[in-house]
Amino acid sequence: MSRQLNFNQVKETHLKTLAQYVPVVAKVHGGNHPEFYQVRKVYDELAKKAKDAGIEKPDLKEEFVKLREITDDYTVPGDVCESYEAVYNMLAELDKAYEA
């Protein structure tokens with residue numbers, strides 16, 4: 001049985017990678033998927049709050065609600081690269097860990 005990671009553990013593993021992937025995915029796919037610009041904006045807000053909170057759990061309810069709406073619950077479009085898919089998967093994992 002696998003142990004579920006808490007929010008801080010997921011945050012530590014994903015925020016560095018997301019910081020690299022999100023700007024690149026926005027640049028590559030933003031033209032065909034303008035909603036990703038919104039994802040980037042909300043992600044930037046989320047990342048700042050998470051960083052500022054340190055080890056405390058930040059209030060990210062609003063950001064995750066927005067991300068679920070923008071991404072249709074992290075549904076990956078069929079015409080995108082693995083990095084785009086990875087961003088949605090990491091955001092979904094962060095959301096799940098936050099709600100746990």
Side-chain angles (χ1 to χ4, degrees):
M1 185 170 157
S2 65
R3 188 173 67 83
Q4 179 143 359
L5 298 177
N6 70 33
F7 177 73
N8 278 335
Q9 291 168 316
V10 175
K11 177 181 83 167
E12 286 300 313
T13 60
H14 289 344
L15 285 188
K16 288 178 186 159
T17 305
L18 283 165
Q20 294 175 324
Y21 282 28
V22 169
V24 173
V25 171
K27 184 177 180 181
V28 172
H29 291 285
N32 291 330
H33 294 280
E35 73 279 0
F36 199 87
Y37 293 127
Q38 293 176 283
V39 170
R40 182 178 183 176
K41 183 177 182 226
V42 175
Y43 163 75
D44 288 344
E45 294 166 9
L46 181 153
K48 182 180 181 338
K49 281 186 174 182
K51 183 180 177 194
D52 291 348
I55 61 169
E56 299 298 316
K57 188 174 180 180
D59 180 7
L60 300 172
K61 289 183 183 115
E62 186 178 324
E63 286 78 8
F64 284 122
V65 167
K66 286 180 188 175
L67 284 172
R68 281 185 234 118
E69 288 173 4
I70 296 165
T71 64
D72 191 23
D73 288 319
Y74 308 105
T75 302
V76 178
D79 62 340
V80 297
C81 69
E82 291 175 3
S83 297
Y84 194 119
E85 182 176 0
V87 167
Y88 274 24
N89 290 337
M90 286 184 276
L91 290 172
E93 287 176 29
L94 271 171
D95 191 344
K96 184 177 178 182
Y98 185 80
E99 295 298 320

Could you tabulate the donor-acceptor pairs under 3.5 Å formed by side-chain atoms of residues 76-91, not counting sequence neighbours?
from, atom 1, to, atom 2, distance (Å)
D79, OD1, H33, NE2, 2.8
D79, OD2, H33, NE2, 3.4
Y84, OH, E35, OE2, 3.3
Y84, OH, Y88, OH, 3.3
N89, ND2, E85, O, 3.3

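- E69 CD to D73 CG: the interatomic distance, rounded to the nearest 0.5 Å, is 9.5 Å.
- The minimum heavy-atom distance linking P58 with A53 is given by the pair CB-CB, 3.7 Å.
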Using the side chain to side chain contact (heavy atoms under 4.5 Å, CB included) rule, take V65 and R68 through it: C-alpha gap first, then chi angles, then the decisive distance, then the call. CA-CA 5 Å; V65 167; R68 281 185 234 118; 3.8 Å; yes
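- Y37 places none of its side-chain heavy atoms less than 4.5 Å from the side chain of K41.
- How far OG1 of T71 is from CD of Q38: 10.5 Å, rounded to the nearest 0.5 Å.
- A pairwise comparison of heavy atoms in G54 and K11 identifies O-NZ, 2.8 Å as the closest pair.
- Closest heavy-atom contact between N8 and N6: N-OD1, 3.0 Å.
- Taking 4.5 Å as the limit, some side-chain heavy atom of D52 sits within range of a side-chain heavy atom of K48.
- Atoms CD and CD, from E93 and Q9 in turn, are 12.5 Å apart once rounded to the nearest 0.5 Å.
- Annotation: side chain of L94 is in contact with side chain of F64 (closest heavy-atom distance under 4.5 Å).
- The two residues L67 and Y74 come nearest to each other via the heavy atoms CB-OH, 3.6 Å.
- For the atom pair NZ of K57 and CG of D59, the computed distance is 9.5 Å after rounding to the nearest 0.5 Å.
- L46 CG to L15 CG: the interatomic distance, rounded to the nearest 0.5 Å, is 7.0 Å.
- Each of Y43 and V28 belongs to its own hydrophobic cluster when Ile, Leu, Val, Met, Phe, Trp and Tyr are linked at side-chain heavy-atom distances under 4.5 angstrom.
- We find that K49 and E45 are not joined by a salt bridge, their nearest charged nitrogen and carboxylate oxygen being 4.0 Å or further apart.
- The CZ atom of F7 sits 10.5 Å away from atom NE2 of H14, with the distance rounded to the nearest 0.5 Å.
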